[in-house]
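So the structure is just underneath, and the comments pick up after that.
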Number of protein chains: 2
Amino acid sequence: MTQVDLAPKSCSNCPIRPRAICSRCTDEELNELDKIKYYKTYAAGSSVVLMGDPMTFVASVVAGVATLSRSMADGRMQMVGLLLPSDFIGRPGRETASFDVTAVSELTLCHFHKKPFEKVTQTTSHVQERLIEIALDELDAAREWMLLLGRKTAREKIASFLLICARRLGSREGEGLRLELPLTRDAMSDYLGLTIETVSRQMAALKRDGVLVLEGTRKITIPDLNRLLDEAGDDSDGVTLA
Amino acid sequence: MTQVDLAPKSCSNCPIRPRAICSRCTDEELNELDKIKYYKTYAAGSSVVLMGDPMTFVASVVAGVATLSRSMADGRMQMVGLLLPSDFIGRPGRETASFDVTAVSELTLCHFHKKPFEKVTQTTSHVQERLIEIALDELDAAREWMLLLGRKTAREKIASFLLICARRLGSREGEGLRLELPLTRDAMSDYLGLTIETVSRQMAALKRDGVLVLEGTRKITIPDLNRLLDEAGDDSDGVTLA
DNA sequence: TCGAGAACTTGATCAGGATCAAGGTTTCCA
DNA sequence: TGGAAACCTTGATCCTGATCAAGTTCTCGA
C-alpha cells in the first residue's frame, strides 16, 4: 500500500490546532510539546491499542477516523466512542487501556509520551482546563448515547447517527447537506447496538421515505435537516459526539 | 414528613471527605470552601434540577441516592447515572443542566456556589486534578454502561446492576454478601433500559436459580459473588459506576 | 388496625429486531 | 481485465423483551 505521510511538519500548519488539547498553547509551550511528540500513521483496519495494553502515550487524532470499543468474552462488542480529527485519546493517570482503539480509515495521530505529558498538564493550567472541557464534553456525549442505546428504535438510532455525521462532517449543498459516511454498515451496527442487517434495512427505509438520498453506499445527501432531526427522536440540544 | 437534618456541622466530621472533590484540601482551603458552601436536604422523589435549568451550583452527594436522567419528548426516559454518597454533581463552565437530577431517597447535598467554586478550581491545582479524575472515572463508567445497554440481555443487565450495588453498598455476611437495593423496580428499569415487568421477571428468575436470596423486595443476599459475576457477562475488570 | 395508594408480580399476547440464508455490488490487486 | 474478497441488500423465520391486563403485597398515615 502506498502510504502518503499526512503528518504536518510542525504545529504551525497543524489542521486541528483550534480544537485540540494544545489549542491555547503559546509558541514557547508548543516548542516544549514538540520535544515529546511524534506523528504516526496507522493503516485502515489496524489496531492502535487493545484493552489492557499498557498505555505509554496520549494522542490527538490529526486525520482519519478511529473507534473506541469494548468487547465481551463471547464476541459481542459495542463501540463506545467515535474519534474524529481533533479528538483526544488516552487518559493521564491511568496505566492500561480501558478500551480497544481501532483505525477505521487511514489514521494519523499526534502522540505525546505519557509521563512528560502529565508533567505538562500539571504545570500548565490551561492545558488542564482544556482536558477537563474535553472529558466533560465526552461525558455528555456518552450519556446522550446511553439514551440512544437504551430507548431509541432502530430507525431513530440510524437517524441520530446520520445527524452526528451531518453536523461534524457535512457540507452545505443547495437546500440540503452532503456528506460521506465515515463508517461501514458493519461499524455502524457496532456503534448503534444493532445488527448489520437492521442497519441496511433502516437505511433503505429512510431512503424510500425521502429522508436521505444515497449515491453508492457511503455518499449521502440530506435534503431536509429538520426532517432528519424529527426522525432522530429527541436531539433537542444537539448531539456533539466525542 | 419529619425530616432529620443530616448535614454535618463542618468538614471535620464529613463522612465523604476521602472520596470527594475536596479530598486533598488543606484546613485553610476548607475554610475558604466553607464560605461558599451550604447544605440542603431534598425529600425522596423530589427534583433537584431539570434539564435546561440554569445551574448556579455544583455539589457533592453527602447522604442518600440521586439519579441523573434524560427524557425524550414522548416520555421515554433513560437514566444515565446513579449518584451515591461522595459523587459529584455539576459541571464547571456550563450554564444549564444537561440532564435531570432527581432525589431517589432522602438526599443531602453539599452545594458550592458555582462562580466562586470555578475560581477555586482555577487557582487550586489539586482540585482541578481531582475534577479530572472524577470526570474520567465517570466517563469510563458511562462507556461500560454503553456496553450493557447496547449488547447485554435482560438477565445480564440485572446481574450487572446487582454487581455494582454489591461492590459499592454490600457488606460481607458469612460466605456471601448482603445489601439493600437503592432503587425501586421502576427506577431499575429506567437505569437498565428495560420495562418494570422484565426487571421483576428476571429478578424472580435469578432468585429461582439461586443466584440471589430475596427478603422482602429490597433486601437481598448474594450467596456467591463469582456466580453473579458469571451471570453479568463480561465485567472482567470491575464496574465502578459513577 | 384499617384502608388506600404505591410498589411489585404474574400471565397472555404482540412486535421489533435478531438470526439464518442467499444473492448482489463494489473494490482491489494479480 | 478478471476473479476473489469484502461489503451490502433482501427475504423468511424466530425469539427476547415490550405491551396489555389483572392481581397481590407492602407501606404508611389516620
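Keep in mind that the numbers below use all heavy atoms, side chains included, and drop hydrogens, waters and symmetry copies. Per chain, numbering begins at 1; letters A, B, ... match sequence-line order.
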Could you give the CD-to-P distance, from B:Gln202 to D:dA18, as a whole number of Å?
-> 10 Å
Nearest-Å distance, CD (A:Glu197) to C1' (C:dG16)?
-> 14 Å
Decide, yes or no, whether a salt bridge links B:Lys157 with B:Glu231 under the criterion of side-chain N to carboxylate O below 4.0 Å.
-> no
CZ of B:Arg151 versus P of D:dG17: gap in Å, rounded?
-> 14 Å
State plainly whether the residues A:Glu197 and A:Arg185 are in salt-bridge range, i.e. N to O under 4.0 Å.
-> no
Length of the line joining B:Met188:CE and C:dT9:P, which is rounded to integer Å = 9 Å
Does B:Gln78 reach the main-chain N or O of B:Tyr191 with its side chain, forming a donor-acceptor pair under 3.5 Å?
-> yes
Roughly how many Å is it from CZ in B:Arg201 to C1' in D:dT16, rounded to a whole number?
-> 11 Å
Atom-to-atom span, NZ of B:Lys207 to P of C:dT9 - whole angstrom | 8 Å
Please walk me through it: do B:Thr108 and B:Thr41 pass side chain to side chain donor-acceptor pair (under 3.5 Å)?
-> CA-CA 4 Å; B:Thr108 302; B:Thr41 295; 3.1 Å; yes
Please give, in whole Å, the distance from C:dT19 C1' to A:Arg76 CZ?
-> 14 Å
May I ask you to verify whether the side chain of B:Arg155 and the base of D:dG17 hold a donor-acceptor pair under 3.5 Å?
-> no
Check whether any side-chain N or O of A:Asp53 sits under 3.5 Å from a backbone N or O of A:Leu50 as a donor-acceptor pair, and report yes or no.
-> yes
Any salt bridge between A:Arg151 and B:Asp74, counting N to O under 4.0 Å?
-> no
For C:dT9, does OP1 or OP2 lie under 4.0 Å from any side-chain N or O of B:Ser200?
-> yes
Is there any protein nitrogen or oxygen under 3.5 Å from a nitrogen or oxygen in nucleotides 4-7 of chain D, and what are the pairs?
none

Salt-bridge contact B:Arg143-A:Glu138 (side-chain N to carboxylate O under 4.0 Å) = yes
Between C:dG11, C:dT19, D:dG17, which nucleotide has the shortest distance from any of its atoms to the side chain of B:Leu194?
-> D:dG17
Looking across every strand, which nucleic acid part, if any, lies under 4.0 Å from A:Gly193 by heavy atom: base, sugar-phosphate, or nothing?
-> sugar-phosphate
Looking at A:Thr195, does any N or O in its side chain come under 4.0 Å of the phosphate oxygens OP1/OP2 on C:dG17?
-> no
Taking all non-hydrogen atoms of both residues into account, name the closest pair between B:Gly210 and B:Pro223 and its distance.
-> O-CG, 3.9 Å
Can you pull out how bent the helix from C:dT1-D:dA30 to C:dA30-D:dT1 is, comparing the axes over its first five and last five pairs, to 10°?
-> 40°
On DNA chain D, nearest-nucleotide positions of B:Val199 versus A:Ala204: which is more 5'?
-> A:Ala204
A:Lys157 atom NZ is separated from C:dA18 atom C1', nearest whole Å, by 12 Å
Quick one: sort the A:Tyr42 and A:His111 rings into parallel, tilted or perpendicular, breaks at 30° and 60°.
-> tilted
